[in-house]
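Structure first, commentary second.
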Protein chains: 2
Amino acid sequence: MAQKNKLQFIILGLLNQQPLTGYDLTKAFDTEIGEFWQAQHSQIYPQLKRLEEQGYITHEITISGEKLEKKLYHITAIGQTLLGSWISDGTPDLTATKDEFILKLYFIQTNRDPRLKAMVQEQLQLHTDKLTHLQQRLATVFPTKASQTANYGHYLILQHALGREDYYVNWLNQTLAALPKR
Amino acid sequence: MAQKNKLQFIILGLLNQQPLTGYDLTKAFDTEIGEFWQAQHSQIYPQLKRLEEQGYITHEITISGEKLEKKLYHITAIGQTLLGSWISDGTPDLTATKDEFILKLYFIQTNRDPRLKAMVQEQLQLHTDKLTHLQQRLATVFPTKASQTANYGHYLILQHALGREDYYVNWLNQTLAALPKR
DNA sequence: CGGCGCATGTAAGTAGTTACATGATTTC
DNA sequence: GAAATCATGTAACTACTTACATGCGCCG
């Protein structure tokens with residue numbers, strides 16, 4: 001068995017909230033879910049086909065305008081069962097963070113390496129931008145206490161991502177400050 | 001062009017420190033570098049072949065015992081150039097963290113979901129264990145101030161991983177504490 | 001001399017990215 | 001009527017995982 005196919009569960013999870021087209025799902029990966037998972041439409045459409053063959057989803061065709069056909073996918077009862085068991089099953093495998101910057105750092109031998117400062121500064125800029133972006137998203141998507149409990153999981157992970165980014169920025173600042181002056 | 005092949009740079013980086021066999025490299029992914037990158041020998045051997053064809057590394061054959069041949073790989077001058085330019089080049093793409101637990105959380109609707117508590121507790125256990133492991137590794141590999149500056153990049157990333165794990169554990173504890181009592 | 005670790009490879013399959021391809025609808 | 005966006009698919013390729021396959025060396 002190769003790596004567990006997580007994309008199928010994401011699709012089931014999204015369809016469990018409301019029926020969507022392949023295009024809608026693709027967009028979801030650009031916005032909402034894009035913070036922590038990516039997929040292109042070329043991966044989504046074949047996956048939808050497979051899920052339907054296996055009976056986890058069905059589709060109905062709706063017509064937009066004159067003749068543009070849209071496939072609106074729905075989750076089935078056994079699809080909901082599969083989704084439920086994935087969520088309930090343990091998650092014993094911790095993710096390896098494949099961070100290219102961290103990888104490069106590993107090969108830096110001394111704190112006098114002339115490349116270090118610029119490298120850290122670049123990452124500081126990038127992660128500060130991301131932090132700002134996440135702060136704005138949290139404020140936009142969950143403006144009130146009530147909205148937080150309404151979609152609790154989504155709130156949790158956004159807030160988690162924000163905290164993680166905050167740590168990263170702080171660490172970069174500390175690392176930069178600790179570099180030798182000349 | 002598909003995703004940038006980072007494995008080749010890791011191999012070059014390791015060979016830049018000392019000549020190694022494919023087997024040695026494989027082991028490095030189980031220990032040292034395994035905190036933040038994984039690769040199996042089935043991926044490493046073909047990559048070594050390609051790097052040699054392209055002239056970035058060479059190998060010499062050494063005999064162990066009676067007739068067991070070992071290929072000891074060395075980095076070449078152009079291999080060092082390639083490694084250097086990879087490190088110097090910008091790293092503008094932030095890694096998406098594909099964390100399966102976080103993914104599952106996204107689909108939890110309310111903070112009264114009966115599965116939440118057990119899910120968070122399982123992760124708390126796993127991440128606490130990893131934190132402990134990282135603390136031990138940092139203490140083992142870098143026991144003195146002097147040892148930290150000797151292999152600065154390695155020290156930085158271990159210390160970064162430790163801080164990240166520490167944040168994760170704290171966040172899980174807070175999340176657990178914030179769950180409704182009944 | 002048996003078992004574990006050293007040592008190197010290939011094969012088959014899944015996951016994921018980039019590119020190719022087509023056409024309809026809406027908006028300006 | 002042009003451009004952006006909606007909408008769906010396939011093809012080709014790279015990355016990565018799991019399994020298959022083989023043989024030597026060392027230690028007890």
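Below, read A as the first sequence line, B as the second, and so on, with proteins coming before strands; counting in each chain starts at 1. Both backbone and side-chain heavy atoms feed into the values below; hydrogens, waters and symmetry mates do not.
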Original post:
Which is true for A:Ser64 with a 4.0 Å heavy-atom rule: it touches a base, it touches only sugar-phosphate, or it touches nothing?
Top reply: sugar-phosphate
**OP:** Describe the nucleic acid contact of A:Thr21 in one word from base, sugar-phosphate, nothing, applying a heavy-atom distance below 4.0 Å.
**Re:**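 Sugar-phosphate only.
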From C-beta outward on [X], which listed nucleotide comes closest to its side chain: [options]?
X       : options                : value
A:Gln43 : D:dT18, C:dG16, C:dA7  : C:dG16
B:Leu68 : D:dT10, C:dG23, C:dA7  : C:dA7
B:Lys70 : C:dT10, C:dA19, C:dA7  : C:dA7
A:Tyr73 : D:dG9, C:dG9, C:dA19   : D:dG9
B:Asp24 : C:dA7, D:dT17, C:dA24  : C:dA7
A:Tyr23 : C:dA24, D:dC16, D:dT8  : D:dT8
B:Tyr45 : C:dA24, C:dG9, C:dA11  : C:dG9
A:Arg50 : D:dT10, D:dT17, C:dA15 : C:dA15

Between [N] ([atom2]) and [X] ([atom1]): distance, integer Å:
X       : N      : atom1 : atom2 : result
A:Leu72 : D:dC6  : CG    : C1'   : 14 Å
B:Gln40 : C:dA11 : CD    : P     : 18 Å
B:Asp30 : C:dG5  : CG    : C1'   : 13 Å
A:Phe9  : C:dA15 : CZ    : P     : 10 Å
B:Leu7  : D:dT17 : CG    : P     : 10 Å
B:Lys67 : D:dG23 : NZ    : C1'   : 9 Å
B:Gln38 : D:dT17 : CD    : C1'   : 12 Å
B:His41 : D:dG23 : NE2   : C1'   : 13 Å

Original post:
Is it the case that one hydrophobic cluster holds both A:Phe142 and B:Tyr106, taking links as side-chain heavy atoms less than 4.5 Å apart, direct or via other members?
Top reply: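 The answer is yes; both residues are in one hydrophobic cluster.
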**OP:** Look at the side-chain heavy atoms of Ile, Leu, Val, Met, Phe, Trp and Tyr, link any pair under 4.5 Å apart, and say whether A:Tyr168 and A:Leu138 land in one connected group.
**Re:**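 A:Tyr168 and A:Leu138: one cluster.
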Closest heavy-atom contact between [X] and [Y]?
X        : Y       : result
A:Ile78  : A:Gln54 : CD1-O, 3.9 Å
A:Leu20  : A:Leu25 : CD1-CD2, 3.9 Å
A:Gln123 : B:Leu94 : OE1-CD2, 3.9 Å

Original post:
Side-chain N or O of A:Lys27 less than 4.0 angstrom from OP1 or OP2 on D:dA7?
Top reply: no
**OP:** Would you indicate, yes or no, if D:dT10 has its OP1 or OP2 atom less than 4.0 angstrom from a side-chain nitrogen or oxygen of A:Lys49?
**Re:**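 A:Lys49 to D:dT10 OP1/OP2: side-chain N or O found under 4.0 Å.
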**OP:** Decide yes or no on side-chain hydrogen bond (donor to acceptor under 3.5 Å, both in side chains) for A:Asp129 and A:Gln125, but give the supporting numbers first.
**Re:** CA-CA 6 Å; A:Asp129 288 352; A:Gln125 180 65 56; 3.1 Å; yes
**OP:** Return the 5'-most residue of the pair A:Glu66, B:Gly22 with respect to DNA chain C, ranking by each residue's nearest nucleotide.
**Re:** B:Gly22
**OP:** Please figure out whether B:Lys98 or B:Ser42 has its closest DNA chain C nucleotide nearer the 5' end.
**Re:**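 Its nearest nucleotide lies further toward 5', so the answer is B:Ser42.
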